[in-house]
**Q** 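Quick one: structure below, then a few questions.
Whatever order the structure lists ligands and atoms in, that order sets their numbers, starting from 1. These numbers come from the heavy atoms of this one structure, side chains and all, not from hydrogens, waters or symmetry mates.
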Amino acid sequence: MTLVGIGYDSHRLAEGRRLVIGGVEIPHERGLDGHSDSDVLVHAIIDALLGAAGLDDIGTHFPDTDERWRDADSIVLLEAVVGMVRAEGLEIVNVDCTVIMEAPKLAPHRQRIRERLAGVLALEIKRVNVKASTGERMGFVGRGEGVAALATASLDG
Ligand code: MG
């Protein structure tokens, strides 16, 4: 049986924050604001995995009212979700995602992001695809106010 899930997330860009995308810190004058490290891509992937497994969503498992997750490394949350998926007797087949961001360019960091995520998901790099898009200067992404990410995950079990 193949199961498919989708995930979406967005975070505001703010001064004095780190820009962490897919577990990789990207040098930039602004970073993503939020309760955890606000890794928008990892959050979208977590929701895709939880969705495919029928296990609710990121806010249910890691509420932003919980001090445990303040400035949390989202990769640690992803590791926990990979464990939840496996506990259901499910195997991750692939993850595909798109980061929608006006600046900086994601391309120079894409390979490192894929490697980092593939390591956590225990997948070949080819099974973890990361695409980049922009807002074409439209909307909150296009104005540089924030970053959005979409992900799909498929599971076998
Ligand atoms: Mg988030």
**Q** In the protein, how many N/O/S atoms are under 2.8 Å from the Mg ion (ligand 1)?
**A**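 Protein heteroatoms (N, O, S) closer than 2.8 Å to the Mg ion (ligand 1) number 3.
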**Q** Would Gln111 and Ile125 count as a side chain to side chain contact (heavy atoms under 4.5 Å, CB included) if you check the C-alpha gap in whole Å, the side-chain angles of each, and the deciding distance to 0.1 Å?
**A** CA-CA 9 Å; Gln111 191 60 22; Ile125 288 179; 4.0 Å; yes
**Q** Would you call Asp33 and Arg12 a salt bridge, taking side-chain N to carboxylate O under 4.0 Å as the test?
**A**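 Answer for the salt bridge query: no.
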**Q** Can you name the salt bridge (charged side-chain N to carboxylate O under 4.0 Å, His left out) partners of Arg18, sequence neighbours left out?
**A**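 Expected list: Glu25.
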**Q** If hydrophobic residues (ILVMFWY) are linked whenever their side-chain heavy atoms come closer than 4.5 Å, directly or via other members, who joins Val141 in its cluster?
**A**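 Same cluster as Val141: Tyr8, Ile100, Phe140, Leu150.
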**Q** Does Asp56 have any salt bridge (charged side-chain N to carboxylate O under 4.0 Å, His left out) partners at least two apart in sequence or in another chain, and if so, which?
**A**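 Residues passing salt bridge (charged side-chain N to carboxylate O under 4.0 Å, His left out) with Asp56: none at all.
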**Q** Will you find, in the side chains of Asp37 and Ser74, an N or O donor that is under 3.5 Å from an N or O acceptor?
**A**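 Yes, Ser74 and Asp37 have a side-chain donor paired with an acceptor closer than 3.5 Å.
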